Structures are given as C-alpha cells and as structure tokens.
Amino acid sequence: MFRSRTERFLVLEAELPALCDSLRLTEAQRVSVRRLADSLRAVMRGDYDWAEQSGRYANENIPREQETAQ
C-alpha cells in the first residue's frame, strides 16, 4: 500500500507544473504549490523513517499466525 501511494504521489507531483500552467497560477502561487508538495513529501518520508526505526513493525511484534502467512 505504501509503495502504490508513493508511486501515485510521484506521478501527481510530476504533473504539478502542467497543472499550474493550466490554472495560470502566478509565480507566488506556484511557490506555494511546490512548498505544499515538498511538505507532503517530508511527511511521507518521516512516516516511513519512523516505521523503520521505531521497531513497531519488527517481526517480533507480529503475532506468530501472521508471520507464517507472510
């Protein structure tokens, strides 16, 4: 799920310049759009880093019946 949402974000992010053009955004508005996209990227990365480092999703925290299903 994480991978598919990340891929979708990257596709949409790449389309932002064309969207800004079609909406005839000013330079200030384009900067705001870029800042929002950068912020969303940072939140996604922070979420990923937290999940990797917290140990919450480590194998020892997965019940045995789920572990064998993986």
Side-chain angles (χ1 to χ4, degrees):
M1 184 171 66
F2 180 79
R3 181 175 289 130
S4 68
R5 289 186 180 177
T6 300
E7 289 169 358
R8 180 73 175 138
F9 174 83
L10 294 173
V11 167
L12 294 172
E13 183 183 37
E15 295 173 358
L16 283 176
L19 178 62
C20 289
D21 289 344
S22 70
L23 295 172
R24 297 185 176 120
L25 297 184
T26 67
E27 187 58 32
Q29 291 169 324
R30 290 169 187 264
V31 168
S32 293
V33 168
R34 182 74 251 157
R35 284 183 183 159
L36 175 61
D38 290 345
S39 295
L40 292 172
R41 179 184 283 267
V43 167
M44 291 169 56
R45 182 60 204 214
D47 236 11
Y48 178 80
D49 289 344
W50 176 85
E52 286 290 306
Q53 295 173 14
S54 72
R56 180 176 182 180
Y57 301 106
N59 283 340
E60 63 270 9
N61 293 331
I62 299 173
R64 287 280 179 215
E65 62 273 3
Q66 289 181 7
E67 191 174 296
T68 56
Q70 293 180 355

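Just so we're clear, the structure is a prediction, and the values are computed from it rather than from any experiment.
Here Val43 sits alone; no ILVMFWY side chain lies under 4.5 Å from its own, so it joins no hydrophobic cluster.
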Could you give the side-chain donor-acceptor pairs of residues 15-22 under 3.5 Å, partners two or more places apart or in another chain?
unit_1: Asp21; atom_1: OD1; unit_2: Arg30; atom_2: NH1; d: 2.9
unit_1: Asp21; atom_1: OD1; unit_2: Arg30; atom_2: NH2; d: 2.8
unit_1: Ser22; atom_1: OG; unit_2: Leu19; atom_2: O; d: 2.8

Just distance, no hydrogens or angles: give the donor-acceptor pairs under 3.5 Å from side chains in residues 31-41, sequence neighbours left out.
unit_1: Ser32; atom_1: OG; unit_2: Ala28; atom_2: O; d: 3.3
unit_1: Arg34; atom_1: NE; unit_2: Asp38; atom_2: OD1; d: 3.1
unit_1: Arg34; atom_1: NH2; unit_2: Glu13; atom_2: OE2; d: 2.6
unit_1: Arg34; atom_1: NH2; unit_2: Asp38; atom_2: OD1; d: 2.9
unit_1: Ser39; atom_1: OG; unit_2: Arg35; atom_2: O; d: 2.9
unit_1: Arg41; atom_1: NE; unit_2: Glu13; atom_2: OE2; d: 3.4
unit_1: Arg41; atom_1: NH2; unit_2: Glu13; atom_2: OE1; d: 2.4
unit_1: Arg41; atom_1: NH2; unit_2: Glu13; atom_2: OE2; d: 3.2

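Using a 4.5 Å cut-off on side-chain heavy atoms (C-beta onward), Glu7 and Val11 make no contact.
Qualifying ring pair (Phe, Tyr, Trp, His ring centres under 6.0 Å) partners for Phe9, counting only residues two or more places apart in sequence or in other chains: none.
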